[in-house]
Q: 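Dumping the structure here so I can ask a few things about it.
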Amino acid sequence: MTARIVLLGPPGAGKGTQAARLAKRLGVPAISTGDIFRANVAQHTELGRTAQRYMDAGEYVPDEVTNTMVADRLQAADAAEGFLLDGYPRTEAQVEELDRMLAESGQSLDAVVELTADVDEVVARLLNRAVEQGRKDDTESVIRRRLEVYLEQTAPLVALYEQRGILLGVDGLGTMDEVTGRLESALDRQER
Ligand code: ADP
C-alpha cells in the first residue's frame, strides 16, 4: 500500500517525534519542512538566509519559497512510493500547490492526521524544549506568535481535509508511546 500522509497540528504537539516513528514503520521518508529550513540555515545557503528571518519571528516562510522546496523534495526517488509530510501544507495556498504537485503524477493524499493538543500544554512543552535544545524560535513571545499564526492560517485546513473525508483526529496528549499507538491504530482502521 502507498502511504501519502500529512501530519497536522500546532507547534509543540509532537509532530516531529511521531512523524519519524510512523515513517519508519510505513517505510516512507518523513519530510519536515522545519528541519529542511533549519538545515539550510545551518549550512548558510541562500534559502536558509531567506527562511531565517521568518522563522526567528515565528512567521511562516512565504508560500512560493516553501512550495518550491517541497516540490523539489517530493521528486526525490525515495518519495516515489509515499511520504509523511510534517509541517506542510500550512496554508490554503500550500494545500492547492500540493494537490497540483500530486495530480501531476497521478497521485493523491491517503490521509491527513491531526495531532491535537491544548494550548497550555504545547506552550509548556515548547518552553521546556527551549531549555533542552536551545532553538532560537522557542522564546515565549515567538512561541505565542507561532501559535497565533497556526490558529489563523493552518487550523482552518482541518475542516478542509475533513470535507474531503481523509481527516483522522488523534489525541496528542500522553506519553510518546501512547500517542504512537493511537496514530497507528487510526491509520490501520482507515485502511480497512
Ligand atoms: P513548529 O511546528 O514547532 O513551529 P517547525 O520545525 O515545523 O516547528 O517549523 C519551524 C518554522 O519553519 C516555522 O515557524 C516556519 O517559520 C517555518 N516553516 C515550516 N514549515 C513551513 C511551511 N509549510 N510554510 C511556511 N513556513 C514553514
Side-chain angles (χ1 to χ4, degrees), residues 4-23 29-43 45-74 79 83-102 109 112-158 160-161 170 172 176 179:
R4 297 194 172 89
I5 297 170
V6 165
L7 204 52
L8 269 181
K15 292 188 304 290
T17 310
Q18 300 300 338
R21 290 183 173 196
L22 214 55
I31 301 176
S32 156
T33 43
D35 284 352
I36 302 176
F37 283 134
R38 277 186 291 278
N40 275 276
V41 170
Q43 290 156 19
T45 67
E46 185 74 42
L47 175 63
R49 267 192 293 279
T50 306
Q52 184 162 28
R53 290 184 281 141
Y54 298 96
M55 294 170 79
D56 287 352
E59 306 293 337
Y60 286 167
V61 176
D63 286 331
E64 315 81 67
V65 176
T66 309
N67 286 334
T68 305
M69 178 179 91
V70 173
D72 276 357
R73 179 63 188 86
L74 289 182
F83 50 75
L84 204 154
L85 281 170
D86 160 18
Y88 183 92
R90 289 196 205 207
T91 65
E92 281 190 31
Q94 292 178 13
V95 169
E96 284 165 22
E97 191 55 23
L98 177 61
D99 286 344
R100 203 194 51 74
M101 286 178 224
L102 294 176
L109 288 177
V112 174
V113 184
E114 182 200 13
L115 208 53
T116 57
D118 74 40
V119 172
D120 291 341
E121 172 70 19
V122 299
V123 172
R125 284 188 192 177
L126 290 169
L127 286 171
N128 194 33
R129 184 172 77 186
V131 178
E132 286 167 3
Q133 298 179 7
R135 240 176 76 172
K136 226 175 154 185
D137 60 348
D138 279 345
T139 63
E140 192 158 0
S141 63
V142 177
I143 290 171
R144 272 216 195 89
R145 181 61 193 148
R146 279 157 60 205
L147 278 168
E148 246 172 45
V149 173
Y150 178 82
L151 291 174
E152 221 172 78
Q153 304 206 42
T154 307
L157 307 188
V158 170
L160 198 152
Y161 283 123
V170 170
M176 286 196 259
V179 177

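Heavy-atom basis, side chains included; hydrogens, waters and symmetry copies ignored. Indexing begins at 1, ligand by ligand and atom by atom, following the structure's order.
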Q: Indicate yes or no for a side-chain donor-acceptor contact from Q18 to the backbone of M176 under 3.5 Å, with no hydrogens or angles considered.
A: yes
Q: Just to be sure I understand the cut-off, which residues have at least one non-hydrogen atom under 4.0 angstrom from an atom of ligand 1?
A: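 Ligand 1 is contacted, at a heavy-atom distance under 4.0 Å, by P11, K15, T33, G34, F37, R38, M55, E59, Y60, V61, T66, G87, Y88, R90, Q94, R129, R135, R146.
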Q: Using modelled atom types and a 3.5 Å cut-off, is there a donor and acceptor pairing between side-chain atoms of R146 and backbone atoms of D137?
A: yes
Q: Can you see which heavy atom on K15 is nearest to which on L8, and at what distance?
A: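 Of all heavy-atom pairs spanning K15 and L8, the closest is CD-C, 3.8 Å.
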Q: For V149, does its backbone N or O pair with a side-chain atom of Q153 as donor and acceptor, under 3.5 Å?
A: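 No, the answer is negative, given that no donor and acceptor are paired below the 3.5 Å cut-off.
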Q: Has the side chain of R125 got a donor or acceptor atom that lies under 3.5 Å from a matching backbone atom of A13?
A: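 Yes; at least one donor-acceptor contact below 3.5 Å.
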Q: Quiz question: by atom type and distance under 3.5 Å, do the side chains of Y60 and T154 form a donor-acceptor pair?
A: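 Result is yes, a qualifying pair exists.
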